[in-house]
Amino acid sequence: MEEKKDRTTEGNIPQQGEDLSEQDKEILAEIDREDMDEMDKKAQDALGADEWIHVNFTLDYDTALEGLKLAARMLLESQRSLQTVAFGIVIITFIWPAISGGWRDPAILIVGIVIILACIYGIYAAWHFPKVHRLQNARKMADAQTPWTMEIFPDHVMVREGDETTLLEFTNKSFKCYDSGNVLLFVYNRLDIIIVPKAALGEQEERVRSVLKAKLMAKYITIGTGAVRFWDKVKNRFGKHPGKDTEKENNPNG
């Protein structure tokens, strides 16, 4: 977990230079801007004069589930795919020895069957149980209706979940943002996540995305919703034929 601290009202908006005249403030701002790189300038332009963004939100079931699915896809799918391939190799390796050896010694056949069944269960468990946990966690998050607050400053993002506050600095290498569908997914400390519904951003959505893109750069990753993954292709291959659905739509009377 990132560094956590209680947030005070005084700490929300920078208070430096309150005793300066407006002209002096403008001069200092221009000097500071000259020292910025292009990404910081873009972030400052997106933030505007307010120098911060404030968003309140709660998570409903669909949004929570979408965020958890995205997290599983980005952080865990490659690992589970490797596990599936490894189990598949073991199954293929033991099929023929179990069959050929079984003619001579039934014990070899029994051991082979046990290993193959264990690998099949391993593949099933690697994909099924995480899905069940996602559904359960999404329901818990929706039922809890915990109030969330997100504040974006020039150099960090502060997120409060109830009474717990998380500080995410843009310079933190583990801080990434995935932008997909209806959610922004913050990932930090490798596997810790925060789900932000885009619907809660309202008119500030483009402003929020512009700041995050400018500050996180390559760590701001946009995921195309139209991309078809390998496992989706497999499911589509053995699922309903799209031509049948199209034909039914064109001929509703059957």
Side-chain angles (χ1 to χ4, degrees), residues 1-2 59 61-102 107-141 166 168 170-198 212-213 216-242:
M1 185 65 71
E2 288 291 310
L59 291 173
Y61 176 78
D62 291 335
T63 303
L65 184 58
E66 182 176 348
L68 292 172
K69 284 182 178 180
L70 179 61
R73 176 183 170 187
M74 294 298 103
L75 305 178
L76 301 174
E77 188 169 281
S78 59
Q79 175 184 340
R80 288 182 295 175
S81 297
L82 289 175
Q83 291 175 345
T84 301
V85 171
F87 282 130
I89 292 173
V90 173
I91 291 173
I92 294 171
T93 302
F94 274 86
I95 285 178
W96 176 246
I99 294 175
S100 60
I108 296 177
L109 178 62
I110 294 173
V111 171
I113 291 174
V114 169
I115 292 175
I116 291 171
L117 291 176
C119 290
I120 292 174
Y121 178 78
I123 295 173
Y124 169 79
W127 294 94
H128 175 71
F129 291 120
K131 178 180 178 180
V132 172
H133 292 155
R134 285 199 302 272
L135 296 173
Q136 293 173 344
N137 289 334
R139 177 56 58 194
K140 289 178 182 178
M141 295 168 77
T166 303
L168 303 171
F170 290 123
T171 54
N172 189 327
K173 293 182 179 180
S174 70
F175 179 23
K176 296 180 180 180
C177 177
Y178 293 96
D179 181 346
S180 178
N182 300 311
V183 300
L184 296 176
L185 179 71
F186 295 159
V187 178
Y188 58 103
N189 285 352
R190 296 186 62 185
L191 294 177
D192 290 325
I193 65 170
I194 294 172
I195 302 167
V196 180
K198 290 183 184 177
L212 294 174
K213 285 179 183 179
L216 292 174
M217 294 183 287
K219 295 187 296 178
Y220 185 95
I221 305 165
T222 302
I223 309 299
T225 55
V228 180
R229 294 170 294 162
F230 172 75
W231 296 113
D232 293 330
K233 292 180 181 179
V234 173
K235 288 188 288 186
N236 292 337
R237 173 65 180 82
F238 294 98
K240 293 182 179 180
H241 194 282

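Take Lys198 and apply the side-chain hydrogen bond (donor to acceptor under 3.5 Å, both in side chains) test, not counting sequence neighbours, and it matches Asp179. Residues forming a side-chain hydrogen bond (donor to acceptor under 3.5 Å, both in side chains) with Tyr124 (at least two apart in sequence, or on another chain): His128. When the side-chain hydrogen bond (donor to acceptor under 3.5 Å, both in side chains) test is applied to Asn182, the partners found at least two apart in sequence or on another chain are Glu66. Qualifying salt bridge (Lys or Arg N to Asp or Glu O under 4.0 Å) partners for Arg139, counting only residues two or more places apart in sequence or in other chains: Asp143. For Phe175, the ring pair (Phe, Tyr, Trp, His ring centres under 6.0 Å) partners are Phe186, not counting sequence neighbours.
Atom-to-atom distance recorded for Ile115:CD1 and Ile120:CD1 is 12.5 Å, nearest 0.5 angstrom. Once rounded to the nearest 0.5 Å, the distance linking CG of Leu117 with CD1 of Ile91 reads 9.0 Å. Interatomic distance, Gln136 CD to Phe129 CZ, rounded to the nearest 0.5 Å: 10.5 Å. The distance from atom NZ of Lys176 to atom CG of Leu168, rounded to the nearest 0.5 Å, is 14.0 Å. Between the CD1 atom in Ile221 and the CG atom in Leu216 there is a gap of 9.5 Å [rounded to 0.5 Å]. Residue Leu65 holds its CG atom at 9.5 Å from NZ of Lys131, rounded to the nearest 0.5 Å.
Identified under the salt bridge (charged side-chain N to carboxylate O under 4.0 Å, His left out) test for residues 86-100, with sequence neighbours left out: none.
Side-chain contact between Trp127 and Ser81 is present, with heavy atoms from C-beta onward closer than 4.5 Å. Between Asp192 and Thr166, every side-chain heavy-atom pair lies at or beyond the 4.5 Å cut-off. Contact annotation: the side chain of Leu68 never approaches that of Leu135 to less than 4.5 Å [non-hydrogen atoms, C-beta and beyond]. Residues Leu185 and Ile223 fail the side-chain proximity criterion, which asks for heavy atoms closer than 4.5 Å.
Nearest approach of Ala125 to Pro130, heavy atoms of both residues: O-CD, 3.3 Å. For Ile123 against Gly88, the heavy-atom pair with the smallest separation is CD1-N, 4.4 Å. Looking at every heavy atom in both residues, Ala72 comes nearest to Arg134 through CB-NH1, 3.6 Å.
Here the side chain of Thr63 pairs no donor or acceptor atom with the backbone of Leu59 at under 3.5 angstrom. Here the side chain of Asn137 pairs a donor or acceptor atom with the backbone of His133 at under 3.5 angstrom.
Environment of CZ in Phe94: sparse, with no more than 12 heavy atoms of neighbouring residues, nucleotides or ligands closer than 6.0 Å.
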